[in-house]
Amino acid sequence: MKNLVEELRWRGMLQDMTPDTEQQLNKEMTAGYIGFDPTAASLHIGNLVSIMLLVHLQKAGHKPFALVGGATGMVGDPSGKSEERKFLDEEVLRHNQECIKKQLAKFLDFDAGANSAEMVNNYDWFKEMGFLQFLREVGKNLTINYMMSKDSVQKRLETGLSFTEFSYQLLQGYDFYYLFKNKNVKLQMGGSDQWGNIVTGTELIRRKDGGDAFALTTPLLTKADGQKFGKSESGNIWLDATMTSPYKFYQFWLNTNDAELPKLLRIFTLWDRETIEAFDNEPDKNKVKRELAREMTTRIHSENDYEQAVKASELLFKGSLDDFQQTEENILNEIFEGVPQVEISKEEYSHTANVVDLLSVATGGQLFASKGDAKRMLKDGGVSINRQKASEDTPMNFELLKEKYLLVQKGKKNYFLVKLI
RNA sequence: GGGGAGAUUCCAGAGCGGCCAAAUGGGACGGACUGUAAAUCCGUUGUUGUAAUGACUUCGAAGGUUCGAAUCCUUCUCUCCCCA
């Protein structure tokens with residue numbers, strides 16, 4: 001058994017622990033869990049931090065449990081949220097649960113003997129429980145005073161907090177208790193925003209059962225300037241290839257801030273200390289980013305996806321129009337799978353009078369939402385077509401690449417393929 | 001149940017009868033500089049455009065007053081605070 005705490009410590013993944021957590025982990029194989037609420041159809045790279053905690057737990061010889069929050073997802077966690085959220089409808093939740101379950105399954109080893117991973121869904125033990133039973137079994141053990149003192153609750157007293165969200169901590173607390181009783185799970189981990197919810201669980205276990213349970217949290221991942229991590233211009237970075245293409249995923253890592261690299265390497269990769277420290281000292285930061293992007297893209301997606309992403313990136317960022325012309329069409333299609341493509345009929349293209357129309361209405365607003373938007377960007381010199389800066393009165397006589405493509409650049413990094421069909 | 005405050009463009013937050021498509025800040029996007037980095041500086045940030053003190057749609061919802069409303073009145077919906 002490896003020393004998990006030591007490992008997390010040097011990786012900077014340790015925020016807080018309850019007393020004696022380290023002793024417990026070093027004493028015996030310990031089962032630990034982390035919950036994931038099905039708020040979307042895919043996990044994102046923020047969740048990946050939690051997943052890595054489970055991975056490290058398992059690698060250290062302990063038993064990881066991934067909990068899908070089928071029940072808690074129906075209520076909504078107020079932690080870190082500034083306002084009450086809308087309910088997701090049950091059908092969406094069920095769909096999300098299934099998707100998340102599949103994703104989680106990819107990261108853990110479910111066939112590792114004694115410390116095989118397990119997946120549970122808290123809906124399974126909450127669906128049978130009635131409200132009265134819940135009040136008697138759970139509610140009685142904790143005081144309102146205790147619940148009110150939580151950070152997540154305090155922050156919401158001004159802006160409003162429904163009874164439902166207020167109760168969330170009890171549900172999560174009961175999860176821990178249930179897993180403690182039935183699966184001998186003694187540890188719950190999570191982001192530091194989960195601390196309050198987690199210790200509600202250890203408290204419940206202590207009061208109901210006199211049992212000893214432990215908590216361990218990891219710092220919330222933020223950008224160097226304190227902002228939320230894991231968002232790009234186009235929103236969240238999802239682990240699902242249909243929601244964030246491998247090309248975009250690869251680009252995301254490639255575009256990370258230099259200052260964040262040491263942190264990212266420690267949190268997201270499984271590389272050992274020597275390797276990572278060597279990267280810290282590497283002066284060519286782009287090289288480090290390429291390695292990171294490679295590691296992440298191959299692990300989350302696949303070797304092949306990674307290769308396509310690299311090829312697409314090379315062709316778009318470094319290649320000339322000639323390189324483009326010379327690439328075989330079927331290869332081109334494959335490479336550009338993840339690059340946004342916009343289709344337009346030849347008919348429509350031939351009737352399009354100017355660049356502004358082409359970039360806005362003719363392409364259904366996918367490149368630019370409106371004509372005004374397109375014009376503004378053209379005026380600012382932010383648009384290139386086939387590598388040539390375009391302006392409002394650029395004539396519509398572009399050479400079609402492969403007789404059917406136009407390569408459109410919005411800014412330096414956003415590429416689109418306009419495809420004539 | 002009683003009393004008070006409020007709902008403004010992505011967010012925060014000004015405006016409180018015409019000069020308001022709506023200050024300011026943040027975010028986002030673009031440009032310059034670079035390394036597909038950061039910092040910095042500059043620009044853009046409702047639609048449409050004969051490009052204009054133009055037209056159209058926006059200031060929680062629906063009505064009304066007025067030559068004219070984000071601004072006044074009525075009703076409704078929602079939120080917060082205080083008292084019971």
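Everything quoted here is computed from the prediction, not taken from an experiment. In what follows, chains are A, B, ... by sequence order, proteins preceding strands, each numbered from 1.
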Expressed as a whole number of Å, how far does the C1' atom of B:rU66 sit from that of B:rA70?
16 Å
When the C1' atoms of B:rC59 and B:rU44 are compared, how many Å lie between them, rounded to an integer?
22 Å
Searching all strands shown, indicate the nucleotide that pairs with B:rG1 (Watson-Crick or G-U wobble; both distances under 3.5 Å).
B:rC83
For RNA chain B, whose closest nucleotide is more 5', that of A:Leu254 or that of A:Ala369?
A:Leu254
Judged by each residue's nearest nucleotide on RNA chain B, which is more toward the 5′ side, A:Val361 or A:Gly411?
A:Gly411
Determine the Euclidean distance between corresponding P atoms of B:rG15 and B:rG60; express it in Å to zero decimal places.
15 Å
Under a 3.5 Å cut-off for both distances, is B:rA23 Watson-Crick or wobble paired, and to whom?
none
Tell me whether the OP1 or OP2 atom of B:rA37 has a side-chain N or O from A:Lys413 closer than 4.0 Å.
yes
Between B:rA38, B:rU47, B:rG30, which nucleotide has the shortest distance from any of its atoms to the side chain of A:Asn257?
B:rA38
At 4.0 Å (heavy atoms only), tell me whether A:Lys318 reaches a base, stays on the sugar-phosphate, or touches nothing.
nothing
A:Leu261 has an atom CG; how far is it from atom P of B:rA38, in whole Å?
12 Å
With both distances under 3.5 angstrom, what nucleotide forms a Watson-Crick or G-U wobble pair with B:rU57?
none
Considering only atom C1', compute the distance from B:rA7 to B:rG18 and round it to an integer number of Å.
25 Å
Rounded to whole Å, the CG-P distance (A:Leu264 to B:rA37) equals 16 Å
If we count only N and O atoms by modelled type, under 3.5 Å, do the side chains of A:Gln251 and A:Ser313 hold a donor and an acceptor together?
yes
When all nucleic acid strands are considered with a 4.0 Å heavy-atom cut-off, which category describes A:Lys371: base, sugar-phosphate, or nothing?
sugar-phosphate
Which residue is it: A:Asp77, A:Thr217, A:Thr218? I am looking for the one with a side chain to side chain donor-acceptor pair (under 3.5 Å) to A:Gln194.
A:Asp77
So, are A:Lys311 and A:Glu314 salt-bridged, with charged N and O less than 4.0 Å apart?
no
Could you tell me how far B:rA28 sits from B:rG35 if I compare only their C1' atoms? Round to whole Å.
23 Å
In whole Å, what is the span from the NZ atom of A:Lys375 to the P atom of B:rA51?
11 Å
Does A:Lys410 make a cation-pi contact with A:Tyr415, if we ask for NZ or CZ under 6.0 Å from the ring centre and within 45° of the axis?
no
Atom-pair distance (NZ on A:Lys410; C1' on B:rU44), nearest Å
13 Å
Among B:rU36, B:rU34, B:rA37, the one nearest A:Lys412 by side-chain distance
B:rU34
Could you check which nucleotide pairs with B:rC41 in any of the strands shown, counting Watson-Crick or G-U wobble with both distances under 3.5 Å?
B:rG31
Using the salt bridge (Lys or Arg N to Asp or Glu O under 4.0 Å) rule, take A:Asp280 and A:Lys285 through it: C-alpha gap first, then chi angles, then the decisive distance, then the call.
CA-CA 9 Å; A:Asp280 288 348; A:Lys285 295 298 175 199; over 6 Å; no
Closest to the A:Arg376 side chain: B:rG30, B:rA37, B:rU44?
B:rU44
Find the distance A:Met377:CE to B:rU44:P and express it as a whole number of Å.
13 Å
Write down the distance between CZ (A:Phe252) and C1' (B:rU36), rounded to a whole number of angstrom.
14 Å
Which whole number of Å gives the distance between the C1' atom of B:rC42 and that of B:rG46?
24 Å
Closer than 4.0 Å, any side-chain N/O of A:Ser370 to the OP1 or OP2 of B:rU48?
yes
Quick one: is the NZ or CZ of A:Lys208 closer than 6.0 Å to the six-membered ring centre of A:Tyr177, and within 45° of its axis?
yes
